[in-house]
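Working notes for the structure below.
For the single chain, residues carry numbers from 1 onward in sequence order.
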Amino acid sequence: MVEDHLKGLNSAQLEAATHTEGPLLIVAGAGAGKTKTITHRIVNLIKQGIAPDKILAATFTNKAAKEMREKIRFAIAQFKSLGSCDGDGQRKFLAENFRAFEMGYCEPFVSTFHSLGVYIIKENSRLVGVTKHFTILDENDSISLVKESIKELNLDPKQYEPKKIKGIISREKGKFTHLSDYAENEVSYLGKIVAQVWDIYEKKKSKENSLDFDDLLLKAVKLLKENENIRKIYQERWQYIHIDEYQDTNEVQYLMSKLLAGDKKNICVVGDADQNIYSWRGANLKNILNFEKDYPNTKIIILEENYRSTKNILEAANEIIKKNVYRPDKNLFTKNKTGEKISLYEALDENDEADFVAVKILEILDGETNVASVGSLSGLASPALPLDSSACETPHQSKFIPPSEIAILYRANFQSRVLEEAMLRYNIPYQVLGTKFFERKEIKDTLAYLRAALNPESLSDIKRIINFPGRGIGKTTIAKIFAGERNTLPIKMQIKINNFYELLEELKEKINTSKVSEVIKFTVKKTGIETELSSGTEEDLEKLENIKELATLALKYDNLENGAGIEKLLEDASLASDQDGIMLAENKKQTTNAVRLMTVHASKGLEFKYVFITGLEDGLFPNNHNGETKSGEDREEERRLFYVALTRAKEKLFLSFANFRTIFGSRQINTPSEFISDIPRDLLEKEGEDPGIKTIYI
């Protein structure tokens with residue numbers, strides 16, 4: 001008989017959830033309930049008597065970590081009454097542990113890899129060579145430091161692009177390569193330049209008491225690898241390891257997992273080789289393919305039942321992905337309905353394609369009414385519909401589809417422009433995924449004050465805020481401050497500088513004595529940001545509203561005392577990924593309940609009832625990266641990317657390509673993507689065909 005906390009699992013999920021000892025590989029296809037399975041496995045471990053704080057789960061996004069954490073809490077709450085417990089001893093254990101779990105004292109450690117790295121570094125900051133209040137540099141700050149390092153070598157940043165050099169450094173760190181090894185082994189001219197820049201970059205970070213994203217993993221793993229005592233502490237603390245999206249791990253994440261698993265090897269990894277789409281940022285497909293070699297006696301369980309998509313969508317996805325060689329054999333199936341066929345539209349150009357997408361979305365939102373007549377597919381007539389998405393609903397409508405259930409996917413960011421224009425033209429509420437709340441200048445300025453208050457050595461933060469709002473402190477003065485020459489400045493300027501640092505001290509005292517939301521409000525008033533923005537333009541007032549939203553967001557950290565809340569807020573802000581950050585509207589047509597526009601990469605982990613996959617042209621999707629010849633593995637990754645795009649859809653898929661597309665100012669003639677011809681003909685239906693003009697390539 002299946003216990004209450006395991007009900008609702010299929011046979012494969014149940015087998016995975018009840019396997020408790022030794023290495024476990026769960027190969028989970030798209031929409032197969034991997035989060036549900038790993039959550040129930042963790043709950044089952046607790047039910048079997050494992051202390052919750054002995055369990056670790058590492059994911060890739062804060063969103064995924066939060067979802068898992070909440071599901072675990074909810075599941076445990078289901079047996080809080082202990083009606084299904086066996087015996088008084090188990091009942092007492094669960095009662096005690098649930099109370100501790102509820103209070104946050106004893107719970108599984110569920111976090112992203114980077115948050116895990118921060119946790120380990122903060123607990124051992126002295127050994128790592130930083131203080132507890134080290135600054136986490138975001139990508140832009142890191143690139144700025146690299147640019148400064150390039151200039152110190154008297155090199156031209158236009159010739160040696162900072163972003164490119166930072167990318168090389170980042171990839172090497174992801175491989176667990178240290179600067180000394182790289183400098184010794186790299187023989188190319190560019191490699192030697194990178195080594196010199198890297199060296200200066202590391203010294204600048206050390207002086208600022210700061211770490212970049214890659215350091216959070218590299219330094220934590222280095223500590224675990226080289227310090228046996230520290231390693232044993234964490235192996236003892238977390239005796240049951242869970243790794244989500246294992247196919248996306250790079251070398252340093254792979255090492256972290258292996259070091260923490262130790263000799264017990266109680267490690268459960270969940271992943272899908274068919275969804276490995278991040279090789280460009282270091283993800284190593286071999287990690288999941290070689291798991292059995294790394295952990296002998298591995299139990300392998302394959303989750304093949306899909307709960308998300310229709311049979312037609314799944315059949316198309318299976319046909320696409322089976323052409324790949326580097327993958328374990330599996331075939332997704334579903335008990336869902338057969339569903340509609342996949343629509344295919346051949347557009348004249350990108351404008352025609354965008355208009356097709358917009359008109360189809362209006363049809364979806366309108367329900368029964370075909371609105372194609374309100375606008376020409378050539379793109380220039382616009383339906384007079386109000387901006388509010390609710391206006392898309394008509395009295396005779398059979399069902400309401402919220403705009404947020406519709407996604408438009410594309411391979412490259414540049415494709416969004418013409419699609420956005422179509423959304424505006426047809427008055428469709430939309431949101432471009434990727435504009436992060438924490439990347440807004442006004443938010444970064446406010447948080448920089450808090451970071452500088454905790455870490456006055458953070459020169460990047462000081463440089464950002466010392467003259468915002470304006471204090472009459474110029475670049476020459478800032479250079480002298482950083483060079484330790486404050487005493488050479490004029491007396492009036494020294495007074496300004498002293499007042500600034502006294503302000504930081506006042507902020508630090510406020511951080512240690514007040515709630516986080518109060519600290520934000522105090523910071524905005526005390527620094528003069530509120531006055532600066534209140535008396536500005538409408539755009540400035542919008543920025544002030546965004547800062548007020550930050551104060552609202554901060555409420556959830558108010559229960560943490562003695563500065564811990566601000567530390568957690570700063571950490572979460574620094575580690576927010578594209579799918580985690582609060583998304584802000586870039587214009588008034590963007591709302592929360594809106595059609596989502598995003599790259600296929602950004603769509604991973606999401607699902608929608610209706611999905612449009614645009615730009616299916618040879619050279620664009622699959623992408624040939626400016627005509628470069630792709631290796632077999634690169635071609636397979638493009639196919640995996642298309643597979644991910646297909647499996648985001650629950651009910652209906654629309655595919656489209658354009659015969660002509662203007663790229664970098666040049667109008668190009670295109671051939672349809674090979675992916676279209678790989679989908680069985682009986683699964684496709686043609687859209688908008690004029691037999692006398694168009695030919696559909698299927």
Inset, instruction - Hey, could you give me the CG/NZ distance between Leu179 and Lys203, rounded to the nearest 0.5 Å? - result: 9.0 Å
Legend entry - Results of ring pair (Phe, Tyr, Trp, His ring centres under 6.0 Å) for His242 - residues two or more places apart only: none
Legend entry - Any donor-acceptor N or O pair under 3.5 Å, side chains Tyr254, Asp294: yes
Legend entry - Salt-bridge contact Glu15-Lys299 (side-chain N to carboxylate O under 4.0 Å): yes
Inset, instruction - Please lay out, stage by stage, how Phe60 and Tyr278 fare under the test ring pair (Phe, Tyr, Trp, His ring centres under 6.0 Å). - result: CA-CA 12 Å; Phe60 276 84; Tyr278 294 116; 7.9 Å; no
Inset, instruction - Look at Lys175 together with Glu172 and state whether they make a salt bridge at an N to O cut-off of under 4.0 Å. - result: yes
Legend entry - Salt bridge Arg327-Glu636, side-chain N to carboxylate O under 4.0 Å: no
Legend entry - Carboxylate-amine/guanidinium proximity below 4.0 Å for Lys232 and Glu228: yes
Legend entry - Residue pair Ser142 / Asp212, side-chain donor-acceptor N/O under 3.5 Å: no
Inset, instruction - Salt-bridge test for Glu202 and Lys173: reply yes if a basic N is under 4.0 Å from a carboxylate O, no otherwise. - result: yes
Inset, instruction - First locate atom CD1 of Ile243, then atom CD1 of Ile288, and finally report the distance between them rounded to the nearest 0.5 Å. - result: 12.0 Å
Legend entry - Stepwise side-chain hydrogen bond (donor to acceptor under 3.5 Å, both in side chains) check, Tyr643 with Asn324: CA-CA 11 Å; Tyr643 171 82; Asn324 276 3; over 6 Å; no
Inset, instruction - Taking the six-membered ring of Tyr201 (Phe, Tyr or Trp), confirm whether the NZ or CZ of Lys205 is under 6.0 Å from its centre and within 45° of its axis. - result: yes
Inset, instruction - Go through the structure and list residues passing ring pair (Phe, Tyr, Trp, His ring centres under 6.0 Å) with His178, not counting sequence neighbours. - result: Phe176
Legend entry - Partner of Asp274 under salt bridge (charged side-chain N to carboxylate O under 4.0 Å, His left out), chosen from Lys323, Lys330, Lys604, Arg640: Lys330
Inset, instruction - Might you point out which heavy atoms bring Ala12 and Ile302 nearest each other, and give the distance in Å? - result: CB-O, 3.7 Å
Legend entry - NZ/NE/NH1/NH2 to OD/OE distance under 4.0 Å, Lys311 and Glu315: no
Inset, instruction - Using distance alone, with no hydrogens and no angle criterion, decide if Glu21 and Tyr240 have a side-chain donor and acceptor under 3.5 Å apart. - result: yes
Legend entry - Atom of Phe134, atom of Lys122 and distance for their closest heavy-atom approach: CE2-CG, 3.7 Å
Legend entry - Distance-minimising heavy-atom pair for Ile613 and Ala645: CD1-CB, 3.6 Å
Legend entry - Separation of Thr59 OG1 from Glu245 CD (nearest 0.5 Å): 8.5 Å
